[in-house]
Amino acid sequence: DTEVTQTPKHLVMGMTNKKSLKCEQHMGHRAMYWYKQKAKKPPELMFVYSYEKLSINESVPSRFSPECPNSSLLNLHLHALQPEDSALYLCASSQYGLAGGSYNEQFFGPGTRLTVL
Amino acid sequence: GQQLNQSPQSMFIQEGEDVSMNCTSSSIFNTWLWYKQDPGEGPVLLIALYKAGELTSNGRLTAQFGITRKDSFLNISASIPSDVGIYFCAGLRAGGTSYGKLTFGQGTILTVHP
């Protein structure tokens, strides 16, 4: 199994809603990432979990709350989002933790298309 | 944050033509990666390069890690309609304050006319 899976594929939510995005990998990877991507732009890093510990928070607003329940799962909890938060949210994983060296390429999931009304 | 300089920004080609795109940086990377992204999907890793000077092929794709470790190129031979998409280069550092983080190029949008 060489896949990163994400659910849901699409999500529409109001600004007062609470929702969660889910990501799963069964490759035994030790680092997992959340990215935000706007149309035709490169992904922007939001959070990194390395060995199930939050290692990087790229100054993301508190309305985004990550969670890593175990080494295979990564969640992104959403609350009180703004319309400008509408984007494709990507999860990725890499074999080693952040300090894994050169052979630590990242594999991306298919993404969740989020629309905030 | 820092981005790699990726060119061209877009390409419009005929089916069967060869394609070349490249990325340059002012700083050194330990690993160069090339991804392809289809609309509404996540980036898919095409080729990973780990050593300066390394030349790697994956079917019709060929990529090279520059000798200076500050650049990389991707070639696609005999393009087909399913090559359409956005191609991103990405660099990875093994040390320093940005270790483990990917630095992306701005992307090359490829359109292939049948």
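Letters A, B, ... mirror the listed sequences (proteins, then strands); counts begin at 1. Please read all numbers here as calculations on a predicted model, not as lab measurements.
Looking only at heavy-atom pairs under 4.5 Å with chain B, the residue among A:Gly109, A:Pro110, A:Gly111 that has the most is A:Pro110.
Cluster annotation: A:Leu81 is connected to A:Val60 through the hydrophobic network of ILVMFWY side chains, with a link wherever side-chain heavy atoms come within less than 4.5 Å. A:Met32 and A:Phe107 fall into different hydrophobic clusters, where Ile, Leu, Val, Met, Phe, Trp and Tyr are joined by side-chain heavy atoms under 4.5 Å apart, directly or via other members. In the hydrophobic clustering of this structure, A:Met46 groups with A:Leu54; members are Ile, Leu, Val, Met, Phe, Trp, Tyr whose side-chain heavy atoms approach within less than 4.5 Å, directly or through other members. In the hydrophobic cluster analysis, where Ile, Leu, Val, Met, Phe, Trp and Tyr join through side-chain heavy atoms closer than 4.5 angstrom, A:Leu74 is grouped apart from A:Leu88. Under the 4.5 Å side-chain heavy-atom criterion for ILVMFWY residues, a single connected hydrophobic cluster contains both B:Leu61 and B:Met21.
Contacts of B:Leu45 with chain A are made by side-chain atoms alone, with heavy-atom separations under 4.5 Å and no backbone atom involved.
Residues A:Pro43 and B:Phe104 share a closest heavy-atom pair of O-CD1, 3.8 Å. Of all heavy-atom pairs between A:Phe108 and B:Pro43, the closest is CB-O, 3.3 Å. Across every non-hydrogen atom of B:Gly42 and A:Leu90, the tightest pair is CA-CD2, 3.6 Å.
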Please tabulate, one pair per line, the donor and acceptor atoms of chain B and chain A that lie under 3.5 Å from each other, or say none if there are none.
from, atom 1, to, atom 2, distance (Å)
A:Lys9, NZ, B:Gly40, O, 3.4
A:Lys9, NZ, B:Glu41, OE1, 3.4
A:Lys9, NZ, B:Glu41, OE2, 3.2
A:Gln37, OE1, B:Gln37, NE2, 2.7
A:Gln37, NE2, B:Gln37, OE1, 2.8
A:Glu58, OE1, B:Lys101, NZ, 3.2
A:Glu58, OE2, B:Lys101, NZ, 3.2
A:Ser102, O, B:Thr31, OG1, 2.6
A:Glu105, OE1, B:Tyr50, OH, 3.1
A:Glu105, OE2, B:Tyr50, OH, 2.8
A:Gln106, O, B:Tyr35, OH, 2.6
A:Gln106, NE2, B:Gly100, O, 3.4
A:Pro110, O, B:Gly42, N, 3.3

